[in-house]
Structure formats: structure tokens, C-alpha cells
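The next block holds one structure in the form of C-alpha cells; read it before the comments.
What you see is a predicted model, and the numbers here were worked out from it, not measured in a lab. Basis for what follows: all heavy atoms, side chains included, without hydrogens, waters or symmetry-related copies.
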2 protein chains.
Amino acid sequence: MTSPPFPLPDDAELLRLDHQICFSLHAAARAFGGVYRDALKDLGLTYPQYLAMLVLWEEPGPQPVKAIGERLRLDSGTLSPLLKRLEAAGLVARERSVEDERSVVVRLTEAGEALRERALPVPRRIVTATGLSLEEALTLRALLERLTGNLDAAQGGER
Amino acid sequence: MTSPPFPLPDDAELLRLDHQICFSLHAAARAFGGVYRDALKDLGLTYPQYLAMLVLWEEPGPQPVKAIGERLRLDSGTLSPLLKRLEAAGLVARERSVEDERSVVVRLTEAGEALRERALPVPRRIVTATGLSLEEALTLRALLERLTGNLDAAQGGER
DNA sequence: CCCGATTCAATTGCGCACAACTAAATCGTG
DNA sequence: CACGATTTAGTTGTGCGCAATTGAATCGGG
């Protein structure tokens, strides 16, 4: 049933493969999640919260929710509650922009700035856990970016 | 600010890279989700529900929740409600095993069997959307599986 | 200047993922 | 055989991700 008694034609092989790729992709994403969970536990951050903090740590000034969302490709439905949790944790402050009152700007608090120091060792820990060489990592990243671009294009074209 | 005025040493390059990899991984996983959402909309299935149906379509007989969970690497906290939704949709039936009453076996209903036909064109659509050659797909899959294995090992070693 | 279109954040609702826990059945060892 | 350990599903609670909607502010064409 799972393996027919004749050699698979290329077509069928491709068909089987696609499941394995999207599945191994999800599996890898979840495995990353587990490692980040461990690494970020002491900081009290989840992985998406850590990503949001990275965006804020990278750029000095306050940033509108819109900009963070574009950077992380997340919409307000995901970001609003996430940023509220970071605010409740005392790491960021949110306030309506003065020049455009539709916009909410997010800035680091002192505690948020201070957390940066404690987050510095995290990336090395993750790199070690991946066990990939620099070359492999570059190959993987390039493939993933092509893949995402193609998938986004295919999705957009159908709407 | 984001790029210091001197060439990055290899260390720092690796550190920057890890974020990009885990991030592009999540981005790719979400892009897959979007394409599957489109492709599965007519079937009334989400992507994880589709995966569960694939497991049931592959093996002829009823399967315990445990076996499905091992196949998909999901625990009962995720599978129980998912399978209930599939049951509510009339695609599967769940019943306590006779020989081991701890176990719940899941089997396809006639509607669940019938849905298989309508799901057949889905994989080709996904393969097309990825835009990857067979060789690239194989490379990607191999890298992802190594990555997942390494990450799982790193995670397990710390517990 | 005004009014419809657009932008932006927030909210609601649904589903997935995972941790922690519960409850029941089974296993295994003394 | 008895009883503690293990296995198996299910439940609860938290957080992410996305679609759809709301409401307020802004923009732009007439």
C-alpha cells in the first residue's frame, strides 16, 4: 500500500517528496522552537517575542507596530497581543504617535535595553545546536529564501 | 548601526546567520501554510488535518491515536481536538480499543475514504508552487533532516 | 473643503502547538 | 496476587498565526 510493486515514476516520486519537504520543514521549525524555548527560558521570552526584541535592539529609536510587522512578516492580530505581553513584562512601552495618531510606536524601556546583555549568548548557543557548517547554513538559507519567494508568488497569483 | 564600519569576523557572521536561518525557516513554514490553505480550502481541511488524513489514507486499517502522534510527532494535546474536529466533519470515527481500553483507535468513515480522491491533485499543486527542482528538493530535505536531528539532540541533552 | 478610499492598530474567533496535569487501564516485580 | 510504575488519551491554560471585522485617523480627488 505504501510502496507499489513497481518502480516509482518521477512524477509519483515528486509527489511523495513534497509531503516530506513540507513536513520536514515543520519538524525543523518546531525543533528550533524547542531549542529556543530552552535558551530563552531564563530571559522569560518566547521565540516570537525574542524576534520582536531583536528588531527593537537592532534599530535605536521607537518603531511603529507596522514596521515591526513588516520586518517579521506578522500582522497586528499577532503583534498586538505579543507587544502587550512585552509591555506587561516591562520590556517595552507603547504609545500613539503624535504626528499620526493611527500609528502606535514601540520603544524599549530600560529593562528592555538591559535584557540585551543577557540575550547576547543566545545566538552562539543556537548556532552550536544546529550543528551545521557555515557553508551548509548558507546553502540552506538560500534554498529557504527561494522556496519562500516561490510559495508566496504562487499563493499571491491565485488570489 | 546595523553594519559596523569594519568587516565582520567569522564569529559575528555566524551569529547573525543563525537568526536568518531560523527566521527563514519559520517564514518558509508559514508560506507553505498559506499555499496549503488555498489548496485544501475546497476539502475543508487545514494542513495539520490533511497530514492526519494522509496517515490514515496510507495505512488501510484503524490506527491508535498514539501511532498517528508518533508519525506526525504530535502529542495528544494537539491530536485529540484535531481528531474530534475530523470526527465532527464525519471523516473519521474514534472508538476505544477492545484489547486495550486505554487506547483509542481512529478509522476512516466512507466520507473520509471518499475524500481521498478529491485530495489527489493537491500534492502536484504544492510541488509546482515550490518551484524547486528535484535535486534542490533532495538537498533541502537532507539538510532539514540533519538540522532537526541535531536540534533534537541538543535539546534532549540539556534536559 | 468634503466625502469616499485607504491606512493602521486592535479585537474576535478559530485552529495549532506545547506544557502540565488528570484519570483510567495495563504492566511488572516482589 | 497486589501494588506501584508506566502507558494512553484527554483536559486546561498559554501563546502564536491568520482571517475577518471594527473604528479611528489620514489622504486625495472633485
Go through [options] for me and flag the one nearest to the [X] side chain.
{"X": "Asp75(A)", "options": "dC18(C), dG15(D), dC18(D)", "answer": "dC18(D)"}
{"X": "Ser80(B)", "options": "dG10(D), dG15(C), dG15(D)", "answer": "dG10(D)"}
{"X": "Arg102(B)", "options": "dT7(D), dT26(D), dG15(D)", "answer": "dT7(D)"}
{"X": "Glu101(B)", "options": "dG17(D), dA19(D), dT26(C)", "answer": "dT26(C)"}
{"X": "Thr78(B)", "options": "dT11(C), dC18(D), dA17(C)", "answer": "dA17(C)"}

Any non-hydrogen side-chain atom of Glu58(A) less than 4.5 Å from a side-chain atom of Val55(A)? no

Starting at [atom1] of [X] and ending at [atom2] of [N], how long is that distance when rounded to a whole Å?
{"X": "Leu83(B)", "N": "dG15(C)", "atom1": "CG", "atom2": "C1'", "answer": "14 Å"}
{"X": "Arg37(A)", "N": "dA20(C)", "atom1": "CZ", "atom2": "P", "answer": "10 Å"}
{"X": "Leu72(B)", "N": "dC18(C)", "atom1": "CG", "atom2": "P", "answer": "12 Å"}
{"X": "Leu40(B)", "N": "dG15(C)", "atom1": "CG", "atom2": "C1'", "answer": "14 Å"}
{"X": "Phe32(B)", "N": "dG17(D)", "atom1": "CZ", "atom2": "C1'", "answer": "18 Å"}
{"X": "Tyr36(A)", "N": "dA17(C)", "atom1": "OH", "atom2": "C1'", "answer": "18 Å"}
{"X": "Leu82(A)", "N": "dT14(D)", "atom1": "CG", "atom2": "P", "answer": "16 Å"}
{"X": "Gln49(A)", "N": "dT14(D)", "atom1": "CD", "atom2": "C1'", "answer": "11 Å"}

When rounded to the nearest 0.5 Å, the distance separating CD of Glu59(A) from CG of Leu54(A) is 12.5 Å

Which value, rounded to the nearest 0.5 Å, describes the distance between Met53(A) atom CE and Ile68(A) atom CD1? 10.0 Å

Pick the closest DNA chain D nucleotide for Leu74(A) and for Ser76(B) by heavy atoms, then say which residue is nearer the 5' end. Ser76(B)

Sugar-phosphate only, base, or nothing, as touched by Leu79(B) at under 4.0 Å among non-hydrogen atoms: nothing

Reckon Lys84(B) touches a base, only the sugar-phosphate, or nothing at all at heavy-atom distances under 4.0 Å? sugar-phosphate

5' precedence on DNA chain C between Arg30(A) and Val105(A) (nearest-nucleotide basis): Val105(A)

I'd like to know if the side chain of [X] and the backbone of [Y] have a donor-acceptor N/O pair within less than 3.5 Å.
{"X": "Asn150(A)", "Y": "Ala153(A)", "result": "no"}
{"X": "Trp57(B)", "Y": "Gly112(B)", "result": "yes"}
{"X": "Arg96(B)", "Y": "Glu101(B)", "result": "yes"}

Before you tell me yes or no, could you show the steps for Thr130(B) and Val35(B) under side-chain contact (heavy atoms from CB on, under 4.5 Å), namely the whole-Å CA-CA distance, both residues' side-chain angles and the distance that decides it to 0.1 Å? CA-CA 9 Å; Thr130(B) 65; Val35(B) 172; over 6 Å; no

Asp75(B) bridged to Lys66(B) by N-O distance under 4.0 Å: no

If every non-hydrogen atom of Ala93(A) is compared with every non-hydrogen atom of Thr109(A), which pair is closest and at what distance? N-CG2, 3.9 Å

Taking only heavy atoms on the protein side, list every residue of residues 86-100 of chain A lying under 4.0 Å from any atom of DNA chain D, sorted numerically. Glu99(A), Asp100(A)

Strand-adjacent residues in residues 64-71 of chain B, judged by heavy atoms under 4.0 Å from DNA chain D: Pro64(B), Val65(B), Lys66(B)

Evaluate the ring planes of Tyr50(A) and Tyr36(A), with Trp represented by its six-membered ring, and classify them as parallel (under 30°), tilted (30 to 60°) or perpendicular (over 60°). tilted

Does dT7(D) have OP1 or OP2 sitting under 4.0 Å from an N or O in the side chain of Ser103(B)? no

